[in-house]
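Side chains are part of it too, since the values below use all heavy atoms of this structure and drop only hydrogens, waters and symmetry mates. As the structure is a prediction and not an experimental result, all values here were calculated from the model.
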Amino acid sequence: KLYYVYRDYYNDPQLGSRSRILYTYFDGLNWQPLSEVSLITANADYDYPSLAIDGQGNPQIVFHYKNNSTNQSSLVWTTKLKNNTWLAPQVISLQSQNVYNNPVTVAGNANNLLAVWNVKYSFNQRLAYNTADLTLDYTSSLPNIIFNGEPGASAGWVTGANAAVAVQYE
């Protein structure tokens, strides 16, 4: 299978122009119908989707959500449930964090989900991460700050029996 997630600008007949996050996959013969995984709501922007497939073959999607009414940004996560519906997006960043306008990196390994993203405080970038054990429930723990330093830091994944985060200074 080939999986695909992307942001789309859409002229909604009821809500007007808005962004949305769409997901589909190619089964080897055909592209499957699109699924909108972001909430259908006014005064919201969605951006920077990232996709991982966990050890059970389930799509794990993380993306930026901005409430334009409150000017509050956060990262949210969703997955496709066993009943073929999508979990309502769950916030994985702290509401007090200024989610920086960069893509988020997400990885799945067996029943674990890991996400890494940039956070910006007073012109300083910090690298934050969060993990969730998908066998327990669909709630993630509070994010952790793993890098507090200069702009230009990057993160990548070390693969193995358990996924781990590697931070590289540039």
Side-chain angles (χ1 to χ4, degrees), residues 1-68 73-93 99-118 127-141 143 154-168:
K1 289 183 180 177
L2 176 64
Y3 300 88
Y4 186 54
V5 64
Y6 64 100
R7 179 199 64 211
D8 178 55
Y9 287 108
Y10 174 63
N11 190 14
D12 190 304
Q14 296 175 335
L15 299 174
S17 181
R18 65 180 181 90
S19 62
R20 60 185 181 170
I21 303 297
L22 298 174
Y23 162 84
T24 188
Y25 68 93
F26 184 74
D27 66 6
L29 297 173
N30 299 297
W31 283 100
Q32 298 306 301
L34 291 171
S35 297
E36 184 170 349
V37 301
S38 51
L39 293 176
I40 301 171
T41 183
N43 297 316
D45 281 326
Y46 302 101
D47 214 345
Y48 302 108
S50 184
L51 169 69
I53 305 303
D54 67 21
Q56 309 303 312
N58 299 313
Q60 306 291 335
I61 301 172
V62 175
F63 52 92
H64 286 219
Y65 161 70
K66 181 179 180 186
N67 181 326
N68 291 324
S73 294
S74 57
L75 288 176
V76 295
W77 157 73
T78 187
T79 188
K80 197 167 196 177
L81 302 173
K82 290 179 182 176
N83 64 5
N84 228 19
T85 63
W86 288 89
L87 177 72
Q90 305 291 305
V91 174
I92 64 168
S93 61
V99 178
Y100 197 56
N101 285 333
N102 280 324
V104 61
T105 300
V106 63
N109 183 334
N111 287 311
N112 294 308
L113 178 71
L114 301 108
V116 176
W117 66 91
N118 275 329
L127 203 54
Y129 79 99
N130 201 346
T131 62
D133 182 344
L134 301 178
T135 61
L136 298 176
D137 58 27
Y138 288 110
T139 341
S140 61
S141 59
S154 63
W157 294 106
V158 176
T159 57
N162 295 309
V165 178
V167 177
Q168 172 184 337

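To the nearest 0.5 Å, the span separating CG on L34 from CD1 on I21 amounts to 12.5 Å. Between H64 atom NE2 and S19 atom OG the span is 12.0 Å, to the nearest 0.5 Å. Note that OH of Y10 and CG of L22 are 10.0 Å apart. Values are rounded to the nearest 0.5 Å.
Remark: N43 engages N68, S69 in a side chain to side chain contact (heavy atoms under 4.5 Å, CB included) (not counting sequence neighbours). Partners of D8 by salt bridge (charged side-chain N to carboxylate O under 4.0 Å, His left out), not counting sequence neighbours, listed by chain and number: R20. Residues forming a side chain to side chain contact (heavy atoms under 4.5 Å, CB included) with N83 (at least two apart in sequence, or on another chain): L81, T85. Residues satisfying the ring-ring contact (aromatic ring centres under 6.0 Å, His included) test with Y46, not counting sequence neighbours, are F63, Y65. With sequence neighbours left out, the side chain to side chain contact (heavy atoms under 4.5 Å, CB included) criterion links Y4 to Y6, T24, W31. Scanning for side-chain hydrogen bond (donor to acceptor under 3.5 Å, both in side chains) contacts around S17 gives an empty result, with sequence neighbours left out. Here D27 pairs with Q32 under the side-chain hydrogen bond (donor to acceptor under 3.5 Å, both in side chains) rule; sequence neighbours left out. S50 pairs by the side chain to side chain contact (heavy atoms under 4.5 Å, CB included) definition with V104, V106, not counting sequence neighbours. Applying the side-chain hydrogen bond (donor to acceptor under 3.5 Å, both in side chains) rule to D12 yields the partners R18; only residues at least two apart in sequence or on another chain are considered. Residues passing the side-chain hydrogen bond (donor to acceptor under 3.5 Å, both in side chains) test with N30: none are found, sequence neighbours excluded.
Among residue pairs with one or both ends in residues 83-92, none qualify as salt bridge (Lys or Arg N to Asp or Glu O under 4.0 Å); sequence neighbours excluded. Sequence neighbours left out, the pairs with a member in residues 42-53 that pass salt bridge (Lys or Arg N to Asp or Glu O under 4.0 Å) are R7-D47.
Residues V37 and P89 fail the side-chain proximity criterion, which asks for heavy atoms closer than 4.5 Å. Within the 4.5 Å cutoff, the side chain of V76 has no heavy atoms near those of the Q90 side chain. The closest side-chain heavy-atom distance from I61 to W86 is below 4.5 Å.
The two atoms that bring T41 and A44 nearest to each other are CG2-CB, 3.6 Å, heavy atoms only.
Looking only at distances, no side-chain donor or acceptor of T79 sits under 3.5 Å from a matching main-chain atom of Q60.
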